[in-house]
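Structure first, then comments.
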Amino acid sequence: MYQTRPWQKVLRYFTIIIVSIMFFFPTYWMITMSFKPKGEWNSAAGTIYWVPQNPTLDNYKTVLTEYRGQFFRANQSSALPSIRSSIVVSIGGTLFALLIGTLAAYGISRHSTDTGDLPWYIAVGRLGLLVLVMLPFIVLWARLGILATWYGILTFTIIGIVADQIIGRVLGKYYKGAVGSLSFSILQLRMFPPMAILIPVMIMWSTFRLIDTWYGLVIVYGVVTFPFVVWLMKSFFDDIPKELDEAAVVDGSSNWRAFFKVVLPLAKGGLASTALFVFILNWSDFLVALLLTSRNWGTIPVFLNKLVSSEIGAQHGPKAALGLLAVIPPVVFGLLIQQYLVRGLTFGAIKK
Amino acid sequence: MANLRLENVTKRFGPITAVKALNLEIRDGEFFSILGPPGAGKTTTLRLIVGLEKPDEGTVYIDGEPANEIHPGKRDIAMVFQNLALYPDKTVFDNMAYPLRERKLPKDEIERLVQATAKSLYIDHLLKRKPAKLSGGERQRVAIGRAMVRKPKAYLLDEPLANLDALLRLEMRVELKRLQGELGQTLVYVTHDQVEAMSMADRIAVLNKGVLQQCDTPEAVYNFPANRFVATTIGSPPTNFVTADVRPHGDNLLLAHSVFALAVEGGRHPARAALESAAAGQALPEKVLIGFRPEDVRVSTSQANGCNVPAQVSVVEPLGGETVVDLRMGGDLVKAVVPPTQRLEERRHVWLNFDPERVHLFDARTGQRVYTTGQGEPFACLEAVH
């Protein structure tokens, strides 16, 4: 061990304190602000109130009850519908992604022959090729006037999937090494910035009449987080020796039962942490919900954005109150599954 | 009780052929061992029998019925995996009860069967523990118990003793043989350890690179190895091989090594016919491999009766019960096993005296055994021909 000089110690603690302040001050500010009366979070004189002078629950009342303005009819509704909406679509999207993602991950973990790391130039090149191949179809579909019809979208999607697989095959013929297959295509979904796919999704969703419905959001959340589920769960399944499911099959289980009775119980820690991760992603999403909802199914982030009044501008107090309420579900969820988050599964079954 | 048969079974994994046109019959109630180096296709063969792999060609028969399309769980064959594959989150009891629960047996019946099986394996005091809390030998027993509890037609064991320490391995070897005797069931045992195969099995199948080399009783595999590979795999230290030129010498044939020669006397000697038939197209092969086991060699400091071949001691390895001597014989290195009482110093000149009844001739190109003296007439021995 080397010696730590006193000044090094001082520097270390100084850094820790600075970083802690950077992280915790916003939280502190939000918590205190939610209890400040309007005059304190919106002080005219520019006075900063570091601590609430007259703590109040007014902000919570504001966001949780209907508010009628003096000049306009019901110019502000309560946040309760948006809280319900957030809960429904976040849980729904998480369950949807977990359901299909876990099964897909198990399949890829056990049966995919596509191992090995993908060099970035192959990944990007493959994606570029796909875009190039699909461009003429966009033009053609637009000419045919079917770009925004359900059958136009469906055929375009199918052509895209087929083209992607053909590109994979062709690449595989000329390039020795990993070119990615099904599991790669799934990861590839993550390479698109959400903004790039959201506009087309909006058109599709309005065509399919899925805008401002809870299931419309559930599908998008499920699909967007599906790749995360697949890649996280795949790594958990990879850690479970395949001999375990094979032993179950030899012992008389069907493949499905082997998965549910032997493999899944061993992966429950992974499943819990994946669920939390995906839930937080869905819960904190703003962009998708903003574009795909209007009156009925706006989520908490969308509602937060609308907390502006014509009298005083942004309503920081109610925003802080609702923000604090919004933190509760992920924290409670996290605490509930805390025991599973530890990856201390003792694998005594396997002699190393 | 089950009779297992593989007919012309081939299994490929991408460019690799794991098992190639394998024909194997495992008889009812037999202790059958599959022996081979790593990558020989032993585990694949087991997985083909139990149904975890589907053959690309050929058919697996169980009791005479083609079983290619039967789900592994319906074959009534139990398998113990090399890594045991105990369910880590389940107790020993639940591990052993798993196959019975999958068969929807009544609860008290499961309880009774698990208890009885656990007792016969001396693990009944461990039933409440999880696998992580067991020793290697105990886990081994649990894995075997999980296989036994459902009374299958046949047992497949994949290197079950490979990861145990040496002492435990000896103990479990005896235990397994006792168990198989009591159960009287067909048992297929995969191993890379020739001692395990020799000591336990009724018959041994030797595999190399997915190809069956020989399938016979331990005595036959030891005494009449089908080829050079089997002769090297079975027995420790492995069989010695030296190359000799085949020279016609009047009516006789000389198999001439640099320091000695074997004479095949007379035109009607069976070895001559065997050599001729081995060399398809030619009258006689130019070269032949002479193989003899280290156990069949005596080393003496003076000339004795019979075949005396001059050699020089290179390395002496005392093993306690016996001593292995590496000898330089002409340009070849050969091994001999001598009694521990015999004192030999390195670099000493000695005479090798080998048993003329136990000399094999192998085809120099294919490695196939063409002749063994134990089967027919012996050779005369000539010393130091140059």
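The chains referred to below are lettered A, B, ... by the order of the sequence lines, with proteins before strands, and numbering in each begins at 1.
- In this structure, B:L167 places its CG atom where only 12 or fewer heavy-atom neighbours from other residues, nucleotides or ligands lie under 6.0 Å away.
- The number of heavy-atom neighbours closer than 6.0 Å to CZ of B:F13, taken from other residues, nucleotides and ligands shown, is above 12.
- Taking B:R101 as the reference, B:F93, B:D94, B:A97, B:I110 meet the side chain to side chain contact (heavy atoms under 4.5 Å, CB included) condition, with sequence neighbours excluded.
- When all heavy atoms of B:A85 and A:E243 are compared, the pair lying nearest together is CB-O, 3.6 Å.
- Looking at B:L156, neither its backbone nor its side chain comes within 4.5 Å of chain A, counting heavy atoms on both sides.
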| said: B:R75 vs A:V250, test: side chain to side chain contact (heavy atoms under 4.5 Å, CB included). Steps then yes/no. | reply: CA-CA 8 Å; B:R75 295 190 182 197; A:V250 172; over 6 Å; no
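- Taking B:R12 as the reference, B:E57 meet the salt bridge (charged side-chain N to carboxylate O under 4.0 Å, His left out) condition, with sequence neighbours excluded.
- Judged purely by atom type and a 3.5 angstrom limit, B:Y87 uses its side chain to pair as donor or acceptor with the backbone of A:A248.
- Annotation: B:E182, atom CD; neighbour count of heavy atoms from other residues, nucleotides and ligands within 6.0 Å is above 12.
- Residue B:H71 comes nearest to A:S253 through the heavy atom pair CE1-O, 3.3 Å, listed as atom of the first residue, atom of the second, then distance.
- For a residue to count as touching a neighbouring chain, one of its non-hydrogen atoms must lie under 4.5 Å from one of that chain's; by this rule A:K261 touches chain B with backbone and side chain alike.
- For the atom pair NZ (A:K242) and CZ (B:F81), the distance works out to 8.5 Å, reported to the nearest 0.5 Å.
- Applying the salt bridge (Lys or Arg N to Asp or Glu O under 4.0 Å) test to residues at least two apart or on different chains, none of the pairs has a partner in residues 271-282 of chain A.
- Checked for salt-bridge contact, B:R150 and A:D251 meet the test: a charged N lies under 4.0 Å from a carboxylate O.
- Contacts between residues 48-56 of chain B and chain A, counted as heavy-atom pairs separated by less than 4.5 Å, involve B:V50, B:L52.
- Remark: B:M79 CE to A:E246 CD distance equals 7.5 Å, nearest 0.5 Å.
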